[in-house]
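Counting convention: from 1, in listed order, for ligands and their atoms alike. If you're wondering where the values come from, they're calculated on a predicted model, not measured in any experiment.
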Amino acid sequence: MDRIRIKGGNALNGEIPISGAKNAALPLMAACLLTDEKLTLLNAPWLADVGFMGELLRSFGVETSYVRGPGFGEGGRWELTAKNIVNTTADYDIVRKMRASFLVLGPLVARFHRAKVSLPGGCAIGARPVDLHLKAMEALGTEIVLDQGYVLASAPNGLTGARIEFPFVSVGATENTLMAAASAKGETILANAAREPEIVDLGRCLIAMGAKIAGLGTSTIAVEGVSTLHGTTHAVLPDRIETGTYAMAAAICCGEIELTGTSADLIGSVIPLLQAAGTTISPTHMGISVKRNGGRPAAADVATEVFPGFPTDLQAQFMAVMATARGMSHIKETIFENRFMHVPELLRMGAEIEVAGDTAIVRGVEALKGAQVMATDLRASSSLVLAGLAAEGETVINRVYHLDRGFECLEEKLSAAGAEIERLTE
Ligand code: EPZ
C-alpha cells in the first residue's frame, strides 16, 4: 500500500493549478445515462473515484474514453456514450467503494424506467442514509422495493413531475432528483434544494443537453421535463475543496502561492477565516493569490454549513491550520456525525484537541511534530498532509488511497511549490 513521506518546514511558493471538481465530475458522468448521444466532459480530473464511476458506467454498456490533459492539473476529457445499455444494475462491489455510484439511480429510472442499485451502507464519516433520494424518486412515481441490500426501482409508465420538499439539504438527493426530473413528464419543484456550485454545474450541463431548469443556485429549483435529452460538451467547474485545501496549505506553511484555474467566489466562506488567521488573499487574472508572511496563524472559530456556508469538506484541513494557531479555536461539524477521525492522528503529531460532541476545541501549539499517521477518509487525509508540511521532521501518511480518490497529482503540485513530499510505493 502506498504511503506519503513529507519532510516538513518548507514555505510554499509558486503556482498550483486547480483541477476540475471531483464532486461535480461524478454526477456529470452519471448524467450521460440520460441520453443515447455522446456527452463530452472537459477539465475532468483523473482520480480514483472518477475511475470507479467510469467502471460502473461501462458495466451498464456505456462506451467511455478518457484522455488525460498534457500536464498535471490540466484537465482531461471524458467521452461517454450511453447508446447500447445492456444492464441497469449497480453492483454492491462498486457502490461500496464509492457512494456517489448511487447517483445513477435517477438517470437510469428516468431513461430505462428501472434500476437495481446497491444500498451504499455506512461510511467513515457517518451513517449517510439515502432515504431522501428514495422518497424523491417515489414522489416522481417510482416504486421502490428494498431487497437483499439492493434498491429495486421501477416506473413502468415513466416518471411524472411532482413537488418535492426536502426536509433538510442534501447535495446527492438534489442531484439524483434533478437528473430524474429533467426527463419526467410535467413540472417538478425541488424545495429546500442544495445550492452547492456542483449542483449549478450539473444543472448547466443538463440545460445544455436540452433540459428546462430554473432557479439553479437557489433553494427552489423548477424543472419542466422534456421527452428527449441530447449530447453536449461541458467543462467541469474548478474544485473548490482542492482550492481551499491549497489555500490552507499556504496559510499553515507561509509563503505565497497562486492557485490557477479557479476563482475566489468558490471559497467565499473560507476567505474571511483565512484572513482572520493572518493570510492575505487576492484575486489574480489566473485565479487567486494566497500569502502568509511568517509567525503562527491567528485562531478563528468555524461551524460547517451547507453552501454558501463553510464546507464540511474543508473542516479537517482548517483544523490542521488551527492546530498551529496562536490561541484557541472551536470547530463545529454540523453536516456529518463522525467527521473528527483526523483528531487522533493530529494528536499523534503533537496537536492539542479535545472533542466535545459536535465541536472540536483546538489549542494551537508552537509546532507540530512529524509522526507516522493513518489516513481515514479523503479530506481527513489532506489535513494530515497539511499538518505534515508544517511539522518539524518527517511525517509518513499511511493508507494514501484515500487521497487518491480526490486530489489529482497532489505530490507533484506540492513539490512544484517547494514542499518536500514523495510517494513511497510498495
Ligand atoms: C456530498 O455528499 C459530497 N459528495 C460530500 O463530499 C460532501 O461532504 C457532502 O455532499 C456535503 O457537502 C459528493 O458530492 C460526491 P449530503 P452527499 O446528501 O451528497 C444526510 C468528499 O469528501 N442525508 O448533502 O452524500 C447525510 O447523512 C465527500 O468529497 C440523509 O440523512 O451529502 C449527511 O449527514 C464526502 N439522507 C447530510 O444529509 C439522505 O438521503 C448531508 O449529506 C441523504 C443525506
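Neither the backbone nor the side chain of Leu103 has a heavy atom within less than 4.0 Å of ligand 1.
With hydrogens left out, the protein atom closest to atom 24 (O) of ligand 1 is Val171 N, 2.8 Å, a heavy atom. Residue, atom and distance of the protein heavy atom nearest to atom 34 (O) of ligand 1 are Ile335 O, 2.6 Å. Considering only non-hydrogen protein atoms, atom 26 (C) of ligand 1 sits nearest to Phe336 CE2, 4.0 Å. Shortest contact from atom 18 (O) of ligand 1 to any protein heavy atom: Ser170 OG, 2.6 Å.
Considering backbone and side-chain atoms together, Asn23 places an N or O closer than 3.5 Å to an N or O of ligand 1. Of the N or O atoms in Arg379, one or more lie within a sub-3.5 Å distance of an N or O in ligand 1. Between Thr312 and ligand 1, no N or O atom pair is found at a separation short of 3.5 Å. An N or O contact shorter than 3.5 Å links Gly172 to ligand 1 by distance.
Among Pro129, Ala100, Ser101, the residue whose heavy atom lies nearest to atom 39 (C) of ligand 1 is Pro129. Of the candidates Arg128, Arg405, Arg339, Arg128 brings a heavy atom nearest to atom 25 (O) of ligand 1. One option in Phe307, Phe168, Phe166 has a heavy atom closer to atom 38 (O) of ligand 1 than any other, and that option is Phe168. Compare Asp49, Asp313, Leu132, Asp131 by their heavy atoms: the one nearest to atom 8 (O) of ligand 1 is in Asp313.
Of the possible polar contacts, one joining the Asp239 side chain to the Lys22 backbone as a donor-acceptor pair under 3.5 Å is found. The closest donor-acceptor contact from the side chain of Thr142 to the backbone of Met137 lies under 3.5 Å.
Atom CD of Gln275 sits in a crowded spot, with more than 12 heavy atoms from other residues, nucleotides or ligands closer than 6.0 Å. Heavy-atom contacts from other residues, nucleotides or ligands closer than 6.0 Å to NZ of Lys185 number more than 12. Other residues, nucleotides and ligands contribute at most 12 non-hydrogen atoms within 6.0 Å of the OH atom of Tyr92.
Contact atoms of ligand 1 toward His133: 40 (O) (distance under 4.0 Å to a heavy atom of the residue). Remark: ligand 1 atoms within the under-4.0 Å shell around heavy atoms of Val130 are 39 (C), 40 (O). Here is the list of ligand 1 atoms found below 4.0 Å of a heavy atom in Lys22: 21 (C), 29 (O).
In this model, no donor atom of one side chain and acceptor atom of the other lie less than 3.5 Å apart for Glu305 and Thr334.
The shortest side-chain heavy-atom distance between Leu105 and Val130 does not fall under the 4.5 Å cut-off. Asp313 has its side chain within reach of Asn23: a pair of non-hydrogen atoms, C-beta onward, lies under 4.5 Å apart. Looking at heavy atoms from C-beta onward, Leu103 lies in side-chain contact with Asn176 at the 4.5 angstrom threshold.
Here the options are Arg339, His342, Lys332, the test is side-chain hydrogen bond (donor to acceptor under 3.5 Å, both in side chains), and the partner is Gln315; only His342 passes.
Ring geometry, Phe407 versus Tyr246: the interplanar angle exceeds 60°, so the pair is classed perpendicular (tilted spans 30 to 60°).
By the 4.0 Å heavy-atom criterion, Glu175 is excluded from the residues contacting ligand 1. The shortest separation from a heavy atom of Pro311 to ligand 1 is not under 4.0 Å, leaving the residue out of contact.
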